[in-house]
Student: 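The following block contains the structure, expressed as structure tokens.
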2 protein chains.
Amino acid sequence: MGTKITLKKIAKELGLSTSTVSKALSDSYEISQDTRDKVKAFAKLYHYKPNSLALRLRNQRSMVIGVIIPEIVHHFFSTVISGIEYGANERGYNVMVCFSNDSYQKEVLNIEMLAGGSVDGFLVSIANETQELSDFRHFEDLKEEVPLVLFDRVHPKINCDKVIVDDFGGGFLATQYLIKTGCRKIAIITTPDHISVGLGRKKGYLKALEDYKINVNDDYIIKIDQKKDIKEQIEKLIDLPIRPDGVFAVNEIYAATAMKIAQDRGLKVPEEISFIGFTDGYISQFSNPSMSTLAQHGYEMGKKAIALLINRIEAKEQDPLFKTEIINVDLKIRNSTKKLT
Amino acid sequence: MGTKITLKKIAKELGLSTSTVSKALSDSYEISQDTRDKVKAFAKLYHYKPNSLALRLRNQRSMVIGVIIPEIVHHFFSTVISGIEYGANERGYNVMVCFSNDSYQKEVLNIEMLAGGSVDGFLVSIANETQELSDFRHFEDLKEEVPLVLFDRVHPKINCDKVIVDDFGGGFLATQYLIKTGCRKIAIITTPDHISVGLGRKKGYLKALEDYKINVNDDYIIKIDQKKDIKEQIEKLIDLPIRPDGVFAVNEIYAATAMKIAQDRGLKVPEEISFIGFTDGYISQFSNPSMSTLAQHGYEMGKKAIALLINRIEAKEQDPLFKTEIINVDLKIRNSTKKLT
DNA sequence: TATCAACACGAAATCGTTTTAGTTTACATT
DNA sequence: AATGTAAACTAAAACGATTTCGTGTTGATA
């Protein structure tokens with residue numbers, strides 16, 4: 001530790017100026033071949049690496065993208081990040097990821113840490129708490145400095161490029177499939193309405209019920225409070241006097257939890273009760289029966305988001321019009337639902 | 001964009017020097033109350049935030065920890081990172097995460113990106129490819145600059161503090177439990193031997209067989225090649241003429257995949273064949289039957305690792321002796337194994 | 001012998017901040 | 001009137017790099 005080798009040290013050691021050393025290392029024609037060789041050999045010997053901080057400060061560019069996601073233990077976000085990484089590397093950028101843990105304060109902290117020169121742009125999926133508080137000043141401030149693209153968990157109040165999943169379409173598709181396979185008492189396990197994705201999925205669910213002229217039953221709409229015991233809240237649904245015969249859950253965990261509860265009650269899946277989840281992750285793949293679900297193309301979303309961001313970063317002048325791209329979802333039928341006849 | 005407010009701009013605007021502005025903002029006694037107020041008001045109005053790059057360059061400290069993990073879609077690593085974050089925040093540090101995707105080149109790239117002032121220390125879990133190539137020069141170079149702590153996937157050739165899971169003990173415990181519940185044809189689904197954790201778990205498995213005087217059958221030792229189809233490789237094991245009656249898999253996915261294959265073959269779990277996995281993640285929790293597994297305390301591991309690292313960072317003089325901490329594992333018996341009688 | 005160009009290198013500015021070491025100015029003390 | 005000193009600032013160096021603009025030396029040309 002502490003033996004960091006710098007241009008200055010090389011210069012001193014070789015009796016040259018820092019400018020000469022810098023130029024020699026970048027093979028400038030201004031420097032004689034002799035000196036170039038000498039400097040390069042010395043630099044190599046001492047493992048010289050330019051200080052990236054200094055470089056960034058000088059160049060006013062970092063070639064780094066900051067990503068902030070709410071949860072780390074989340075298959076969908078993982079795939080989004082893969083897509084982001086791919087698109088970023090393709091265009092010479094690196095990616096740094098921070099986690100807000102769905103906390104407003106941590107989101108602000110992370111942004112402050114990465115802002116101010118550290119990254120050239122931000123890719124953010126908003127923390128639940130921030131959506132709840134509806135306080136977006138940190139994003140507004142940020143936008144003056146570097147471009148921002150929101151993905152998945154977005155908010156209309158923030159004016160920037162966005163990439164979202166077709167939550168409405170997904171909710172509709174899932175509910176429609178349940179209806180078409182004979183379910184009539186269809187429940188939805190969703191989030192409180194301030195979570196954008198949950199709301200969109202619920203709207204799709206309601207639209208499908210409406211289209212097929214099925215009455216909405218408020219008992220069948222469960223809004224999970226993350227702070228309380230999730231299992232207990234879902235048990236109430238399954239144990240309803242008039243049990244639902246089809247359940248659409250807005251994420252994998254709710255879906256898998258609900259199915260387990262139903263199985264514990266001795267119910268046959270999908271004959272007596274069907275389940276559709278959202279996100280095609282490991283839980284859906286490995287559950288038994290395997291879970292029918294809406295595959296969200298996280299990888300595509302990541303690629304789209306990073307493309308939008310880099311375009312903004314590299315744009316000579318900013319387009320005042322912001323785009324919102326919608327990534328479609330695919331209904332993936334497995335064995336937690338009945339087959340179409 | 002482009003309207004970044006700096007000390008210099010504030011100074012110019014108010015007709016002061018940058019030093020005065022800097023001091024005013026930090027409430028220096030050298031500056032009159034009047035000027036302080038004026039500067040602060042102005043700074044607030046224009047959302048002034050010190051450029052963190054400049055600060056780091058000046059202070060030669062970033063209060064940021066760089067974490068590099070091989071895979072993102074991995075429950076265990078997620079929990080480790082939670083622990084790291086907790087410990088880091090507690091001592092005033094922030095955390096940045098990069099992913100090597102198990103690629104040697106990306107690992108080197110990530111380190112280069114974060115080194116040179118960006119972070120005060122590194123927490124790394126080595127990429128598979130790096131373990132395979134056995135090329136650790138990037139770590140050696142790194143260690144001259146900032147402290148390094150390795151976790152989970154480590155290597156004896158790298159001389160630094162380490163935190164590992166008790167892989168050997170876990171392998172032993174799992175195998176012993178299978179033996180005690182009547183299994184005699186016990187298979188292991190593991191990784192190639194160059195992966196440190198797989199090797200440790202296999203050694204535990206072998207030790208248990210030896211202790212209980214059960215012959216080792218090489219057909220029952222499957223080393224999964226990640227580049228090939230995982231399912232196919234596991235099918236070969238389950239379809240062996242003399243089928244194993246107990247399977248210990250070194251991770252969740254192998255365990256769940258194996259169990260699904262067995263169930264597809266109509267085998268009863270655990271009566272005809274038992275399964276134990278490693279890592280207590282969502283897959284184990286939601287599989288059916290739920291998976292017996294070795295719970296690795298990732299959160300603890302993260303907290304231990306960050307503690308070791310920060311101690312190094314803040315130490316006046318370096319302790320030439322490096323520690324290796326071992327985090328114990330707990331056997332969590334669920335329903336994929338028989339009960340002890 | 002001036003003049004000029006080419007060569008090889010160095011000085012200084014710059015990025016944005018903090019901090020040490022001055023420098024004014026005004027006022028009080030002797 | 002000379003000196004001291006506190007108050008309120010500013011200049012300049014430092015962090016580590018790049019780059020623009022010089023500058024001194026050499027050798028060739030007019």
Side-chain angles (χ1 to χ4, degrees), chain A residues 2-40 43 46-64 112-120 145-146, chain B residues 2-40 43 46-64 112-120 145-146:
Chain A
T3 38
K4 268 172 245 175
I5 184 82
T6 67
L7 270 197
K8 202 189 272 185
K9 285 184 191 161
I10 299 182
K12 198 171 180 183
E13 212 64 35
L14 296 178
L16 293 167
S17 76
T18 59
S19 10
T20 305
V21 174
S22 170
K23 288 172 186 168
L25 287 174
S26 56
D27 253 325
S28 163
Y29 67 96
E30 294 178 80
I31 309 300
S32 71
Q33 196 58 55
D34 244 39
T35 312
R36 281 190 230 180
D37 293 343
K38 219 174 294 171
V39 170
K40 282 190 196 165
Y46 287 95
H47 304 112
Y48 170 74
K49 276 273 152 58
N51 180 306
S52 72
L53 242 41
L55 275 181
R56 292 189 214 173
L57 186 58
R58 174 110 233 289
N59 300 334
Q60 298 289 82
R61 288 202 74 179
S62 67
M63 298 305 280
V64 175
E112 277 177 9
M113 169 176 72
L114 293 178
S118 282
V119 302
D120 291 342
E145 266 194 60
V146 291
Chain B
T3 37
K4 268 172 242 176
I5 185 82
T6 68
L7 271 195
K8 203 188 272 185
K9 285 183 192 162
I10 298 182
K12 200 172 178 185
E13 212 63 37
L14 295 179
L16 294 166
S17 76
T18 59
S19 11
T20 306
V21 175
S22 171
K23 286 173 184 167
L25 288 174
S26 57
D27 255 324
S28 163
Y29 68 95
E30 295 178 81
I31 309 300
S32 71
Q33 196 57 55
D34 243 39
T35 310
R36 281 189 229 179
D37 292 343
K38 221 174 289 171
V39 170
K40 282 188 195 165
Y46 286 95
H47 304 112
Y48 170 74
K49 277 273 153 59
N51 180 305
S52 72
L53 243 43
L55 273 181
R56 295 188 210 173
L57 185 58
R58 175 108 232 289
N59 300 335
Q60 299 289 84
R61 287 201 76 178
S62 67
M63 299 304 280
V64 174
E112 278 176 7
M113 169 177 72
L114 294 178
S118 282
V119 302
D120 290 343
E145 266 194 59
V146 291

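What you are looking at is a predicted structure, and each value in this text was computed from that prediction instead of being measured. Every chain is numbered from 1, with letters handed out A, B, ... down the list of sequences.
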Student: What residues in residues 46-54 of chain A put a non-hydrogen atom under 4.0 Å from any atom of DNA chain C?
Tutor: none
Student: How many whole angstroms separate atom OH of B:Tyr29 from atom P of D:dA7?
Tutor: 10 Å
Student: When rounded to the nearest 0.5 angstrom, what distance separates CD1 in A:Ile31 from NZ in A:Lys38?
Tutor: 12.0 Å
Student: What bend angle does the helix from C:dT1-D:dA30 to C:dT30-D:dA1 show across its length, from five-pair end axes and to the nearest 10 degrees?
Tutor: 90°
Student: For B:Ser62 and B:Asp120, which heavy atoms make the closest approach, and how far apart are they?
Tutor: N-OD1, 2.9 Å
Student: I need the CG-C1' distance between A:Leu7 and D:dT18, as an integer number of Å.
Tutor: 9 Å
Student: Is A:Arg36 close to A:Asp27 at the side-chain level, that is, under 4.5 Å between some pair of heavy atoms?
Tutor: yes
Student: How far does CZ of B:Arg56 sit from OG of B:Ser118, to the nearest 0.5 angstrom?
Tutor: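 Rounded to the nearest 0.5 Å, the CZ-OG separation comes to 5.5 Å.
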Student: In this structure, how many angstroms lie between the P atom of D:dA8 and the CD atom of B:Gln33, rounded?
Tutor: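 These atoms are roughly 10 Å apart.
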Student: Where is the tightest heavy-atom contact between B:Leu25 and B:Tyr48, given as atom of each residue plus distance?
Tutor: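 Answer, listing the atom of B:Leu25 first, then B:Tyr48: CD1-CE2, 3.6 Å.
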Student: For the pair made of CG in B:Leu57 and C1' in C:dT19, what is the distance, rounded to whole Å?
Tutor: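 It works out to 15 Å between those atoms.
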Student: Quick check: do A:Leu14 and A:Val39 have side-chain heavy atoms less than 4.5 Å from each other?
Tutor: yes
Student: Atom CG of B:Asp34 and atom P of D:dC9: how far apart are they, to the nearest Å?
Tutor: 8 Å
Student: Show the nearest heavy-atom pair for residues A:Thr18 and A:Leu7, with the distance to one decimal.
Tutor: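 Smallest heavy-atom distance, with atoms named: O-CD1, 4.1 Å.
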Student: Expressed as a whole number of angstroms, how long is the span from A:Leu16:CG to C:dG10:C1'?
Tutor: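 Roughly 10 Å, once rounded to whole Å.
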Student: Can you name the atoms? Protein N/O to nucleotides 19-23 of chain D N/O, anything below 3.5 Å, with the distance.
Tutor:
residue, atom, partner, partner atom, Å
D:dT20, O4, A:Lys23, NZ, 3.1

Student: Calculate the interatomic distance between A:Glu145 atom CD and C:dG16 atom P; express it in whole Å.
Tutor: 11 Å
Student: Does any N or O in the side chain of A:Asn59 come within less than 3.5 Å of the main-chain N or O of A:Arg61, such that one atom is a donor and the other an acceptor?
Tutor: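 No: the side chain of A:Asn59 does not pair with the backbone of A:Arg61.
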Student: Measuring from atom CG of A:Asp37 to atom NZ of A:Lys40, what distance do you get when rounded to the nearest 0.5 angstrom?
Tutor: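 Result: 6.5 Å between the selected atoms.
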Student: Map A:Ile31 and B:Thr6 onto DNA chain C by nearest heavy atom, then report which one ends up closer to the 5' terminus.
Tutor: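 The answer here is A:Ile31.
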Student: At what distance, to the nearest 0.5 angstrom, does OH of B:Tyr46 lie from NZ of B:Lys9?
Tutor: 11.5 Å
Student: Rounded to the nearest 0.5 Å, how far apart are CG of A:Leu53 and OG of B:Ser52?
Tutor: 8.0 Å
Student: Hey, does the side chain of B:Gln60 come within less than 4.0 Å of D:dG16's phosphate (OP1/OP2), counting only N and O?
Tutor: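 So the side chain of B:Gln60 is within the cut-off, an N or O lying under 4.0 Å from OP1 or OP2 of D:dG16.
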Student: Just the rounded figure in Å: distance from P of C:dA8 to CG of A:Leu14.
Tutor: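 Rounding to the nearest Å, CG of A:Leu14 and P of C:dA8 are 17 Å apart.
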Student: Look at all strands and tell whether B:Leu55 reaches a base, only sugar-phosphate, or nothing, counting heavy atoms closer than 4.0 Å.
Tutor: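 It contacts sugar-phosphate atoms only.
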